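The model shown is predicted, which means the values in this text are computed figures rather than measured ones. No hydrogens, no waters, no symmetry mates; every other heavy atom, side chains included, goes into these values.
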Amino acid sequence: MKIQLFLWASLALLPAFSFAQQKEVRDSASMVVKTGIDTAQESKRDKQLNVYNPRKAAIRSAIFPGLGQIYNKKYWKLPIVYAGLGISGSIFVYNLKWYKRTRFAFKVLYAKDTASFPRVYRDLQLYIAGNQLSRLQYARDQYRRDIDYSALFFMVMWGLNVVDAAVDAHLKGFDVSPDLSFRIKPGHSEMAGTNGLSLVLTVGKTRQASLLRSDF
């Protein structure tokens, strides 16, 4: 009699158990689908964030100025890059030209090479006529120093162009998605034994970073 009651009770509970299993399978499948969608969305977002490679941007700008800015689609920076390099390059060429002129005039006057006097640049012939060797020497040395400064300035502008491209590419991947949140959180420090407020930056739903803490 007890065995029969147990069998009838088992048969009665079987449909409910089957329904629970089916529901669990459907929920699991739904979770898998949802997880797959979330993963695909996160992968797509990560791919978008990693489109711009700082290393590639830096190498391109190092090879030819402005290529890194074009890679980052910062076209408005191209006039700034070329203006800086153009001005420094023009100053270098100007100083180099006048250095060669004053050096030649100094050599002619120092050697008393009268046959080469007409070949001296016309603005420097007054120094030749007045036998102003020291002034020619000073002008020559001044232009030589200016060549070094202008070359250094040109290299600095080239380097800034590379750094700017790399930084821009790096900031392109900075996460500004809706998953970011910022809030003020009260808390207690066990180590210091004080209460305080923390500024908390939350990335997504799990990662948190405390930016600033003020104890009182």
Side-chain angles (χ1 to χ4, degrees), residues 33-100 103 140-187 189 191-192 196-215:
V33 173
K34 185 177 180 181
T35 304
I37 294 175
D38 292 343
T39 304
Q41 290 176 349
E42 290 179 0
S43 177
K44 183 178 180 181
R45 184 169 66 247
D46 292 341
K47 186 178 180 180
Q48 290 175 350
L49 294 177
N50 294 326
V51 167
Y52 300 94
N53 189 316
R55 185 170 180 270
K56 288 183 179 179
I59 291 175
R60 295 186 183 191
S61 281
I63 295 174
F64 189 83
L67 283 183
Q69 283 73 19
I70 295 175
Y71 171 76
N72 295 330
K73 297 183 179 179
K74 291 293 185 71
Y75 305 109
W76 63 271
K77 289 188 175 183
L78 293 178
I80 301 176
V81 172
Y82 292 130
L85 291 173
I87 292 173
S88 58
S90 300
I91 295 174
F92 175 82
V93 172
Y94 173 83
N95 290 322
L96 180 62
K97 184 187 299 183
W98 275 96
Y99 169 71
K100 291 180 179 180
R103 183 183 61 179
R140 180 201 63 181
D141 296 341
Q142 183 64 44
Y143 285 119
R144 183 66 184 88
R145 285 191 296 269
D146 291 343
I147 288 175
D148 295 337
Y149 291 144
S150 56
L152 179 61
F153 184 68
F154 183 84
M155 294 175 62
V156 168
M157 292 302 299
W158 195 300
L160 288 176
N161 148 74
V162 175
V163 172
D164 174 75
V167 171
D168 268 344
H170 182 73
L171 293 179
K172 282 279 188 179
F174 187 72
D175 190 2
V176 291
S177 65
D179 291 339
L180 293 175
S181 63
F182 180 77
R183 61 194 177 91
I184 299 176
K185 179 182 178 182
S189 175
M191 182 178 297
L197 295 175
S198 299
L199 303 181
V200 180
L201 177 66
T202 304
V203 182
K205 297 180 178 179
T206 57
R207 297 173 55 193
Q208 293 186 350
S210 179
L211 302 181
L212 178 64
R213 180 181 177 85
S214 176
D215 296 332

What are the two closest non-hydrogen atoms of Ile147 and Phe92, and how far apart are they? CG2-CE1, 3.6 Å

Under 3.5 Å, side chain of Tyr71 to main-chain N/O of Ala58, donor-acceptor pair present? no

Residue list, salt bridge (charged side-chain N to carboxylate O under 4.0 Å, His left out) with Asp141, at least two apart or on another chain: none

Kindly indicate whether the side chain of Gln69, heavy atoms from C-beta on, has any atom under 4.5 Å from the side chain of Tyr75. no

For the student: nearest non-hydrogen atoms of Ser61 and Ala165, plus distance: OG-CB, 3.3 Å

Is a side-chain donor or acceptor of Asn95 paired with a backbone partner of Ile91 at a separation under 3.5 angstrom? yes

The complete set of salt bridge (charged side-chain N to carboxylate O under 4.0 Å, His left out) pairs with one or both residues in residues 55-70, sequence neighbours excluded, reads none

Can you name the closest pair of heavy atoms from Met157 and Gly84 and give their distance? CE-CA, 3.5 Å

Could you tell me which residues satisfy side chain to side chain contact (heavy atoms under 4.5 Å, CB included) with Val167, sequence neighbours excluded, listed by chain and number? Val163, Leu171

In terms of ring plane angle, is the pair Trp98 and Tyr143 parallel, tilted or perpendicular, where the classes change at 30° and 60°? parallel

Residues in ring pair (Phe, Tyr, Trp, His ring centres under 6.0 Å) with Phe153, at least two apart? none

For the student: nearest non-hydrogen atoms of Tyr82 and Gly66, plus distance: OH-CA, 4.0 Å

Rounded to the nearest 0.5 Å, what separation is found between the CG atom of Asp146 and the OH atom of Tyr99? 12.5 Å

Quick check: closest heavy atoms across Pro65 and Asn161, and the distance to 0.1 Å? CA-ND2, 3.6 Å

List the residues meeting side chain to side chain contact (heavy atoms under 4.5 Å, CB included) with Lys100, not counting sequence neighbours, and say none if there are none. Leu96, Arg103

Applying salt bridge (charged side-chain N to carboxylate O under 4.0 Å, His left out), can you list everything that pairs with Lys77, at least two apart in sequence or on another chain? Asp164, Asp168

